[in-house]
Amino acid sequence: MKKILTPSVKCVLTLVIIAVVCVAALAILNDLLYVPPDFSAFSNAYEAEYDQVEVADVATTSGKVLLAVEGSDSQGKQLVGLYIESAGYGKAKAFTVIIVLEKDTGIILGSYIKEQGSSAAPYDYDESKLAALNGTNIADIVPKDPEMVVTGATHSSYAVMNAFVTAQEYYQAVYGE
Amino acid sequence: MKVKELALDGIVRQNPALKLVLGTCSILALSNEAINGLGMGAAVTFVLVCSNLVISILRNIIPDKVRIPAFILIIATFVTVVKMLLYYLGSKSAAIMGIYNAMGVFLPLIVVNCIILARAESFASHNTIGLSVMDGLFMGIGYTVALTLLGAVREILGNGSIFGVALWNFKIAFFTTPAGAFMTYGMFIALFTFVYDRIVRKQKLGGAKILKPKTTEV
Amino acid sequence: MVFSLAIAGIFISNYVVVQFLGICPFLGLSKKVDSALGMGVAVTFVMVLASLITYPIYTYIMLPNGIEYLEIIVFIFVIASLVQILEMVIRKMSPSLYKAMGVYLPLITTNCAILGVAEINLTYELVTGVFSAALNGLFSGIGFTLAIVILAGLREKIDKLPTPKHMRGFPISMITAGIMAMAFYVFTFITM
């Protein structure tokens, strides 16, 4: 036994043992100190209890669904929440938009712009226009019709619109008939 | 008796921030507000104590040739622990989340904070467990005191507040900038050295030996 | 994209005087311009390599397998190994270079800037892939070299001046660094 434990072997062995113990301890702690992801972003759009679901692999043309949640509100309505990074348009870079839809029908229940994309000039988007969309079915969103979404700089409107188009494509692929 | 020596060493005679000037990156970055200084100091103290403890326990087992990699491995583990802990506590308390965000990249950078590796190499690997823990604790306290004081000065002068509590409306924005960080820290070191030398000289003339540096060199 | 990375890395978010990374060698080693330049080049080289290795490991191996919590250990291990290998390679390939630079190499492992750039690459919005990560390493290193060389130049001059006793060494370096920081502060007003 002593013959195997040459100085070099001892060195490597000590390091390996320490490494294994450390990694194991960290793995245990990682599970103990787990912090569930924060879904307050979705509650800001529409108040409900949400749980994360896997983002389905859907090809979307105008943006990306980064996070998908499902939930139910106080009346038991089933909801789908989508955290979307839209494709930019022109000078406006990607917007991050949260859209909450009713799971069965696809009606928009709430939405808001979480992060404005950077654009050439500052602008004021019209929150009431976003609110006015509540009740519309996501299927009725017409791409490139920014009048349906926000007024203000055209490029930014289109960029926000892209988020809704993404939601439309994703919803219809995953939850549609 | 030894405890008193260690305490004086850590907090005054060999204050890591003001005398040894180690771990300067985190000092400059986290001294913009007093609470940040306190938070970072607490994190560093935690890692110091834990790593000194473990390294002292293993000091006769770790072969000399691989001691640095082994130390770094152990320190890195405790830094990860602090990171997990802070994030977990941060999800329960906004104040802690504030500190976590203020630390940013400097939280993982504690692992290359020279103080911790220096104490591990020069003290914990040659001393008993109890003494090593004490050393880690007092070095950490010295660091925290210096960092919090620096943070307080920069916060009061730069933001007119202390620990987030607004005091008055007189703000010199310079102290919140990187330049202010460098200069304030530099002046702190100068001031500390000045006062320290005065006291040592007085002690020498008076015959008392309280503040004469001990030979626990880094 | 390359341009933004360059301007940001070298000037706007200069690692030393804006982000406070890599201060220890900045203070301890910048007494002569030559050694500062050597340190800067070595650091830049390690930064690029570190970025090239740590970014893919984190993005393609650790994230998908849910072991991100091992990030600190893995990164520091990669960096330490890199520096060790680099030292061996330089010693074998060019003994003269090793004599000139070899002293700094072990110090690079504990340089905040290296681990710093590896960490920053993970969350920096201008870094979108391995290539931009490596570029970020390159430009951050250049910025570091720039800062450290300027400070060395200044210190060479300052060391010849009569400085008050308690200001010598660290305090006067800090103040000089502060003045440099003021100069670089101007760059933070650049928007791209």
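Just so you know, these numbers come straight off a predicted model, no measurement behind them. Every chain is numbered from 1 and lettered A, B, ... according to where its sequence line falls, protein lines coming before strand lines. FYI, side chains are in, hydrogens and waters are out, and symmetry mates aren't considered; it's all heavy atoms of this structure.
The contact between B:Thr193 and chain C is made by backbone and side chain atoms together, counting heavy-atom distances below 4.5 Å. Neither the backbone nor the side chain of B:Phe188 comes within contact range of chain C, judged by heavy atoms closer than 4.5 Å. Of the two parts of C:Tyr69, the backbone and the side chain both hold a non-hydrogen atom closer than 4.5 Å to a non-hydrogen atom of chain B. For a residue to count as touching a neighbouring chain, one of its non-hydrogen atoms must lie under 4.5 Å from one of that chain's; by this rule C:Ile179 touches chain B with backbone and side chain alike. C:Gln19 touches chain B through its backbone: at least one of N, CA, C or O sits under 4.5 Å from a heavy atom, while the side chain does not. Looking at B:Phe174, the atoms closer than 4.5 Å to chain C (heavy atoms on both sides) all sit in the side chain, from C-beta outward. Both the backbone and the side chain of C:Ile73 come within less than 4.5 Å of a heavy atom of chain B. With a 4.5 Å cut-off on non-hydrogen atoms, C:Ala80 does not touch chain B at all. Contact of B:Leu117 with chain C is made through the side chain alone, with heavy-atom distances under 4.5 Å.
The side-chain heavy atoms of B:Asn113 and B:Ser26, taken from C-beta on, include a pair separated by under 4.5 Å.
The backbone N or O of C:Gly40 sits less than 3.5 Å from a side-chain atom of C:Thr145, completing a donor-acceptor pair. No donor-acceptor pair under 3.5 Å is formed between the side chain of C:Thr188 and the backbone N or O of C:Phe184. Of the possible donor and acceptor atoms, none in the side chain of B:Arg119 sits under 3.5 Å from a partner among the backbone N and O of B:Gly136. C:Asn136 contributes no side-chain N or O that, together with a main-chain N or O of C:Ser132, makes up a donor-acceptor pair within less than 3.5 Å.
For the options B:Gly180, B:Pro178, B:Gly186, B:Gly104, heavy-atom pairs under 4.5 Å to chain C are most numerous at B:Pro178. For chain B, the option among C:Asn111, C:Ile72, C:Thr109 with the highest count of heavy-atom pairs below 4.5 Å is C:Ile72. Between chain C and the options B:Ala181, B:Cys114, B:Ala190, B:Cys25, the largest number of non-hydrogen pairs under 4.5 Å is found for B:Cys25. Comparing B:Val111, B:Thr24, B:Ile189 by heavy-atom pairs within less than 4.5 Å of chain C, the highest count is held by B:Thr24. When the candidates B:Asp197, B:Val79, B:Ile68 are compared by the number of heavy-atom contacts under 4.5 Å with chain C, B:Asp197 comes out ahead.
C:Phe11 pairs in a ring-ring contact (aromatic ring centres under 6.0 Å, His included) with only one of the listed residues (C:Phe189, C:Phe3, C:Phe187), which is C:Phe187.
With no hydrogens or angles considered, a side-chain donor-acceptor pair links C:Asn121 and C:Ser51 at under 3.5 Å. With hydrogens and angles left out, the side-chain atoms of B:Arg154 and B:Thr184 include no donor and acceptor closer than 3.5 Å.
Checked against the 6.0 Å centroid criterion, the rings of B:Phe106 and C:Phe20 do not qualify as a close aromatic pair.
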